[in-house]
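We count residues from 1, following the sequence as given.
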Amino acid sequence: MTTTTPSKKKTSKRKRTTSKKKLVIVESPAKAKTIGKYLGRTYNVVASKGHIRDLPKSRMGVNLEQHYEPDYISIRGKGDTIKMLKSEAKKAKAIYLASDPDREGEAIAWHVAHILNLDVNDKNRVTFNEITKDTVKDAFKNPRTIDMKLVNAQQARRVIDRLVGYSISPLLWKKVKKGLSAGRVQSVALWIIIQREREIKAFQPEEYWTITSEFKKGRSKFQAAFYGLNGKRKKLKNNEDVQKVLQKLTRQADFQITDVKKTEKKRQPPRPYTTSTMQQDANKKLRFRTGRTMMAAQQLYEGINLGRDGNQGLITYMRTDSTRISSVAKHEAAEFLHKHYGAEYAANHPRKGKLPEGAQDAHEAVRPTSVNFTPHEIEKYLTKDQFKLYNLIWSRFVASQMTPAIVDTETVSISQNGVDFRANGSQLKFEGFLKVYAAGKEKDNILPELATGDLVQLVSHHPEQHFTQPPARYSEAALIKTLEENGVGRPSTYAPTLMTIQKRYYVKLETRRFVPTELGEIVNSLIEEYFPDIVNVDFTAAIEEQLDEIEEAKREWIKVVDEFYQPFSKEVGYAEKEMETIQIKEPLAGFDCEICGSPMVVKMGKYGKFFACSRFPDCRNTKTIVKEIGVTCPNCHKGQVIERKTKKNRLFYGCSRYPECDFVSWDKPISRNCPKCNHFLVNKKVRGGWQIQCPNGDYEEDIIK
């Protein structure tokens with residue numbers, strides 16, 4: 001018997017080879033996600049999560065003997081990120097550095113290249129001003145080398161700021177108080193705020209009067225204001241001046257129309273946003289703090305998931321001082337306007353803006369990447385902050401590409417016995433850009449049909465006393481505008497500068513305006529006396545210009561740093577010898593410590609003021625400062641309602657017996673109940689003032705003005 005063995009099938013084992021991918025390194029995970037979807041499977045996009053190398057925090061980190069050579073170290077906490085980058089780099093077919101298109105982004109690319117041992121002369125640097133599919137793909141077709149001019153400009157700024165901060169701050173710690181700091185741009189910002197406060201304190205109000213009179217022609221009434229006497233303008237300084245004018249008038253007699261001027265005025269559309277104007281408008285119109293604006297802008301730039309459209313970068317790069325617009329964006333806007341509004345609304349030659357002095361014009365204005373992503377259509381994909389800011393940017397850009405608004409204006413001169421009044425009327429004739437940018441729209445003021453020689457009758461006079469007002473304190477928007485106008489700082493520095501001076505408690509915000517604190521006044525006076533150049537606006541602006549010259553290869557960065565440091569180091573040496581120690585006395589709280597019996601004092605901490613024992617650190621007793629509002633808790637009827645704050649510093653109201661009683665309210669309770677449902681009433685902020693309301697909606701009182 002023969003046995004046959006089954007034949008073995010030959011199986012060919014195919015070796016699976018995984019083709020290497022091209023590695024792209026950006027700063028943020030959100031940006032990596034958006035770009036990764038555009039580039040496809042042959043690319044691996046990862047994030048460095050910002051800088052991976054910087055100067056050490058524990059020491060100066062600048063070698064003063066070796067041409068100011070920075071001593072860069074890996075940033076603490078970035079070890080895993082660096083390890084990941086090195087691991088991915090080993091597996092990569094090619095490496096591209098795609099950080100942001102500015103000095104800071106160029107420096108990040110340079111530091112990443114150093115960590116990965118890349119040749120700075122290789123063409124591995126990719127930049128784009130907007131994160132859209134076509135723009136990103138085109139950018140990878142034309143990589144370039146790392147621009148060392150941009151890197152050196154960033155290094156010069158970093159080194160100068162380190163020399164200032166790490167020279168003056170230790171002096172302030174030693175002579176005034178621990179935890180203080182001084183910076184090149186922040187010191188100027190503080191000085192500007194304090195200068196305004198000095199102007200306010202020195203201001204002497206002056207009295208002046210106005211006369212607003214009501215006239216009628218037939219049944220139509222209109223208002224006119226006192227202008228002057230016998231065709232010449234006259235100011236009314238006091239009530240005596242007013243009475244002399246009124247005595248010249250015959251009340252029962254008619255007034256004559258002596259002149260009617262009708263003109264057509266064009267109101268030009270605004271230019272698209274720069275970083276500064278975007279921050280200013282967001283602060284004024286949306287009540288956004290500068291940091292909040294930049295956070296939302298960063299998210300819009302890096303990409304939002306729009307459902308079927310996938311991840312889309314919605315705005316161009318948000319750090320720019322230019323109002324320039326690309327020809328592609330202009331063409332797309334023109335097509336959009338012709339389609340949705342009509343040819344008469346699309347400008348043939350959109351208004352060009354003059355660049356502010358010192359502007360780099362490196363990037364386009366802040367604009368939507370595609371005007372076809374209208375705010376209304378994509379609102380459901382955005383957070384509230386993202387939508388509000390995007391709507392502002394979109395509307396401003398579209399308006400900038402539209403025709404002017406046309407307004408018919410009318411100025412009417414009215415006279416009797418040599419006493420002259422003027423009435424001004426206006427009526428919108430053609431909306432133009434106001435069709436989109438309604439924020440700047442004004443109400444019509446239509447006068448009755450009047451002609452020279454017509455007679456009108458007086459209805460009433462309304463004299464009113466006024467006093468000149470001191471200049472207003474700076475809001476965030478106004479301070480940014482002033483810094484920009486003076487050439488201090490750059491778009492990327494405004495948000496961190498304002499954050500720092502508040503964090504150090506040099507200034508505080510009251511009704512959204514900056515008020516210097518006593519600590520801020522002390523620090524400023526010391527810097528003014530011993531480091532006058534640091535708070536000199538012109539000097540600081542000149543440094544910014546020199547940094548720009550480094551970027552343009554007109555100056556060497558080491559020489560710029562040396563020219564700054566040599567005189568500055570002498571000022572530091574003088575201050576160390578001559579600056580007197582200032583003892584800041586902490587105010588007494590008015591009661592003693594229940595632990596050791598020593599007086600309690602008011603201290604300033606990270607989250608505001610608090611009570612602490614004067615024997616600190618021997619006694620560490622502390623107490624929260626409680627502010628009662630004079631209302632008994634409507635929940636437990638035992639405790640008092642007190643002001644409290646969240647971790648984000650938002651004010652709310654709660655019971656003093658917490659946690660025994662968990663009563664809380666965002667609106668301020670008052671000591672009255674609703675006459676309908678007996679629920680406690682609250683004082684609620686509404687448009688135009690405050691209103692007393694029932695939270696259940698059963699009752700409300702008139703607005704308290």
Side-chain angles (χ1 to χ4, degrees), residues 21-41 43-52 75 77-78 80-82 84-85 88 95-102 104-109 111-112 125-140 273 275 278-279 282 288-320 363-364 366-370 373 375 378-394 491-492 495-496:
K21 294 184 178 183
K22 297 173 183 177
L23 179 66
V24 180
I25 302 171
V26 297
E27 303 101 310
S28 76
K31 189 175 176 182
K33 187 177 179 181
T34 304
I35 293 172
K37 289 187 177 181
Y38 293 158
L39 295 176
R41 295 178 181 178
Y43 288 83
N44 177 26
V45 188
V46 297
S48 68
K49 299 176 184 176
H51 278 279
I52 56 174
I75 296 173
K78 285 295 183 81
D80 290 342
T81 302
I82 292 171
M84 177 273 293
L85 292 175
E88 295 296 335
I95 300 172
Y96 294 100
L97 309 171
S99 45
D100 285 344
D102 57 8
E104 212 65 33
E106 206 71 19
I108 289 173
H111 287 303
V112 171
R125 177 78 170 111
V126 177
T127 59
F128 29 80
N129 192 49
E130 58 185 68
I131 303 178
T132 57
K133 192 171 185 178
D134 291 341
T135 306
V136 170
K137 285 194 168 184
D138 286 343
F140 276 86
Y273 282 131
T275 304
M278 176 185 71
Q279 290 173 343
F288 279 14
R289 302 287 296 278
T290 309
R292 184 178 174 185
T293 300
M294 295 309 289
M295 183 183 294
Q298 184 84 34
Q299 293 161 356
L300 293 170
Y301 166 70
E302 291 179 347
I304 304 292
N305 191 326
L306 300 183
R308 288 183 180 179
D309 289 313
N311 273 52
Q312 297 285 344
L314 291 177
I315 65 170
T316 53
Y317 192 53
M318 63 286 164
R319 292 187 179 91
T320 177
H363 313 295
E364 282 189 67
V366 183
R367 62 163 176 84
T369 54
S370 174
F373 288 129
I378 65 172
E379 182 177 4
K380 60 186 175 183
Y381 302 110
L382 306 177
T383 65
K384 286 184 179 179
D385 280 9
Q386 289 168 355
F387 171 73
K388 287 178 181 178
L389 187 63
Y390 182 72
N391 187 44
L392 205 64
I393 294 168
W394 187 92
S492 59

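In the model, Y381 has no side-chain atom that pairs as donor or acceptor with a side-chain atom of D309 under 3.5 Å. Under the 3.5 Å distance criterion, with hydrogens and angles disregarded, no donor-acceptor pair is assigned to the side chains of T316 and E364.
Side-chain atoms of E27 do not come within 3.5 Å of backbone N or O of G105 as any donor-acceptor pair. Under a 3.5 Å cut-off, the side chain of T290 and the backbone N or O of A495 do not form any donor-acceptor pair. A donor-acceptor pair under 3.5 Å links the side-chain atoms of T369 to the main chain of G313, judged by distance alone. A donor-acceptor pair is defined here as one N or O able to donate and one able to accept, closer than 3.5 Å; such a pair exists between the side chain of K78 and the backbone of K49. Side-chain N or O atoms of T34 include one that pairs as donor or acceptor with a backbone N or O of E302 at under 3.5 Å.
Residue L300 holds its CG atom at 10.0 Å from CG of D385, rounded to the nearest 0.5 Å. Between the CZ atom of R125 and the OG atom of S99 there is a distance of 3.5 Å, given to the nearest 0.5 Å. In this structure, CG in N44 is found 10.5 Å from CG in L39, a value given to the nearest 0.5 Å. Between the OH atom of Y96 and the CG atom of L23 there is a distance of 11.0 Å, given to the nearest 0.5 Å. Between atom CD of residue E130 and atom CD1 of residue I315 there is a gap of 11.0 Å, rounded to the nearest 0.5 Å. Between the CE atom in M295 and the CE atom in M318 there is a gap of 11.5 Å [rounded to 0.5 Å].
Two residues are said to be in side-chain contact when any heavy atoms from C-beta on lie closer than 4.5 Å; D138 and F128 fail this criterion. Between Y38 and Q312, the closest side-chain pair of non-hydrogen atoms falls below 4.5 Å. Within the 4.5 Å cutoff, no side-chain heavy atoms of W394 are placed close to those of L314. No side-chain heavy atom of T132 sits under 4.5 Å from any side-chain heavy atom of S370. Annotation: side chain of N391 is not in contact with side chain of E379 (no heavy-atom distance under 4.5 Å). Side-chain contact between L382 and K388: absent, with no pair of heavy atoms (C-beta onward) separated by less than 4.5 Å. Annotation: side chain of I75 is not in contact with side chain of I52 (no heavy-atom distance under 4.5 Å). Between P101 and R319, every side-chain heavy-atom pair lies at or beyond the 4.5 Å cut-off.
Between H51 and H111, the ring planes lie perpendicular to each other; the angle is over 60°, past the 30° to 60° tilted range.
Residues T81 and A47 approach most closely at CG2-O, 4.0 Å, considering heavy atoms. Taking all atoms of both residues into account, the shortest heavy-atom contact from V26 to K31 is CB-CD, 4.1 Å. For the residue pair V24 and A98, the shortest heavy atom distance occurs at CG1-CB, 3.9 Å. In this structure, S48 and L85 approach most closely via the heavy-atom pair CB-CD1, 4.3 Å. The minimum heavy-atom distance linking A282 with L389 is given by the pair CB-CD1, 4.2 Å. Shown here for T293 and Q279, the closest heavy-atom pair between the two residues is CG2-CA, 4.3 Å.
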Could you go through Y43 and I35, starting from their C-alpha distance and side-chain angles, then the distance that decides it, and tell me whether this counts as side chain to side chain contact (heavy atoms under 4.5 Å, CB included)? CA-CA 10 Å; Y43 288 83; I35 293 172; over 6 Å; no
Go through the steps for M294 and M278 under the test side chain to side chain contact (heavy atoms under 4.5 Å, CB included), then give the verdict. CA-CA 9 Å; M294 295 309 289; M278 176 185 71; 3.9 Å; yes
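In this structure, the ring of F373 has its center no less than 6.0 angstrom from the ring center of Y390.
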